[in-house]
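Shown next, in structure tokens, is the structure this report addresses.
First the proteins, then the strands, lettered A, B, ... as listed; each starts at 1. All of these numbers come straight from a predicted model, not from anything done at the bench.
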Amino acid sequence: MNPSKAHRTHRVWLYGGLLAAAVTASSVTVRAQQPTQQSTSKPTAQAKTGSTKTPPTMADGARVYGENCSRCHNPPEGFPQHVSGTIARHMRMRASLSEQDWDALLRFFNPK
Amino acid sequence: MVASLALACHAVAQDTPVISGGVGFLTNTNQAGTTFLPIAEPLLAAPLGSRVLIESRAALIETIKPKTGLPRRYSNSFFAGLTYLQGDVIVAPHLNFVAGSFLIPFGTYNERLSPVWINPLQDGPLIASLGSMGTGTGVGAQVRGSAASSPNYSLTYAAYYSTRSGNQQFNSERSFGGQSSLYFKPQRVEVGLSYGRLLQGTHENFYGMHVWFEPKDTSFRLRSEFARGHHAQGYWVQADYRTTSWGGQGSWRRNFEPILQFQQTWRRDNTFSDGLPLVNTQRLDAGLNYNLPHSTRIMTSYSRQFSSTGDRNIWETGLTYRFLSPAWKGRNK
């Protein structure tokens, strides 16, 4: 075998190996970065839409009540807590409440 | 496991069925005399599991009206029927499925204001029958929910298909339609569009639009609605104010509720299939309600109706009571 030809063949194998290693390493890096990107980008998107996973507060529930229920009718004088889920579900259907507003309303009806 | 059991118990503890509704004694005085209307509208809401709700409302009405030509003689008739009976399923965060006999989602009056304990005036709007397909209820299926929601706005939708039903309790026409509303929460402004198509008889289209404005931290409400059918159209505008800022806590002055409403209808042709007045009509309603404790309300109103067939006065008074009670005794957490 011609020594220069053998040297060229070794160089091709070396560059090919380096390229394959680089591609593999980069794909591993991208895969490893994906959860990190999700975990950093998701709260940003949630903060923009206001759909954070934090539990709704009483103030959120009071706001939902004011924005939806009391627009049409006067509030009832009061009701036992063990019907609060039924009333909140009824209002979810009547007022087409979002899941988050429904949670907030349920929280408002159950302050403890 | 203990935590999930506790959670389940908590969920069940909040889901006791409810019996609610309203009762009232209403009077209506016009040139023909005074009609008395004792009315009861009980409502049942019963959850099944964590995602299903069965709802039903009934109407029991006794009508006592003067016999024509016979002073101080009255005739009476009794009506009892289910207004709706539906099963609701929460399918997904943005999708609810409704099946059974349901209130047709067109405009705002039929679904939101028609119960006797809600509507600040006794009579429904003149255009209430436009888009409600004659019966106000459909028998079939409906999808509805919140399409998008944020602290600033909420977009809701409803779409239904109803089959024809000649059943006395579940009377309906074959139709389809839907509604969508955009609600700007900080401004408390809602704009909505409705559409309905009757799929039998004259195959009419109905279009509706509503705008509601209820400024935050006030007791003022401005509601309006426009509806157009193939043969007639009309609108109503209602301003309602509750004097909650008058006087201190517990003051009797806080409970007044003046209402002013103007409505107008036009006939587009002489086909009378929609329930609107037979001639162009204007009506002014001026009401004054007083909200007593325990969800009791005294209602009074004077209306003047103008049309080419003759102007007339309508005086109405009423007493309504709204009740809400668990179907059985449960344990509060």
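Checked by atom type and distance alone, the side chain of A:Ser96 never pairs as donor or acceptor with a backbone atom of B:Thr156 at under 3.5 Å. Within the 3.5 Å criterion, the main-chain N or O of B:Val52 finds a donor-acceptor partner in the side chain of A:Arg89. A donor-acceptor pair is defined here as one N or O able to donate and one able to accept, closer than 3.5 Å; no such pair exists between the side chain of B:Ser146 and the backbone of A:Leu97.
Within the 4.5 Å cutoff, side-chain heavy atoms of B:Ile90 are placed close to those of A:Trp102. Proximity of A:Thr86 to B:Gln14: side-chain heavy atoms (C-beta onward) are nowhere separated by under 4.5 Å. Inter-residue side-chain proximity for B:Glu55 and A:Arg94 is flagged as met; some heavy-atom pair is nearer than 4.5 Å.
Rounded to the nearest 0.5 angstrom, A:Arg71 CZ and B:Trp212 CH2 are separated by 6.0 Å. Between the CZ atom of A:Phe79 and the OG atom of B:Ser325 there is a distance of 12.5 Å, given to the nearest 0.5 Å. Interatomic distance, B:Leu53 CG to A:Met93 CE, rounded to the nearest 0.5 Å: 7.5 Å. Taken to the nearest 0.5 Å, the SG atom of A:Cys72 stands 8.0 Å off from the CZ atom of B:Arg221.
Interface check for chain B: of the options A:Pro75, A:Ala88, A:Gly78, A:Pro76, the most heavy-atom pairs under 4.5 Å are formed by A:Pro76. In terms of heavy-atom pairs under 4.5 angstrom with chain A, the leader among B:Ser154, B:Pro47, B:Ser20 is B:Pro47. Among A:Arg92, A:Arg63, A:Glu99, the residue making the largest number of heavy-atom pairs under 4.5 Å with chain B is A:Arg92.
A:Glu67 has no carboxylate O lying under 4.0 Å from a charged side-chain N of B:Lys216, or vice versa, which leaves the two without a salt bridge.
Neither the backbone nor the side chain of B:Ala327 comes within contact range of chain A, judged by heavy atoms closer than 4.5 Å. Contacts of B:Ile54 with chain A are absent, with no heavy-atom separation under 4.5 Å from either backbone or side chain. Contact of A:Asp60 with chain B is not made at all, since no heavy-atom distance falls under 4.5 Å. Only the backbone of A:Ala95 comes within less than 4.5 Å of a heavy atom in chain B; its side chain stays farther off.
Judged by distance alone, the side chains of A:Asn74 and B:Arg322 never bring a donor and an acceptor atom under 3.5 Å apart.
Applying the side-chain contact (heavy atoms from CB on, under 4.5 Å) rule to B:Thr296 yields the partners B:Leu292, B:His294, B:Leu319, B:Tyr321; only residues at least two apart in sequence or on another chain are considered.
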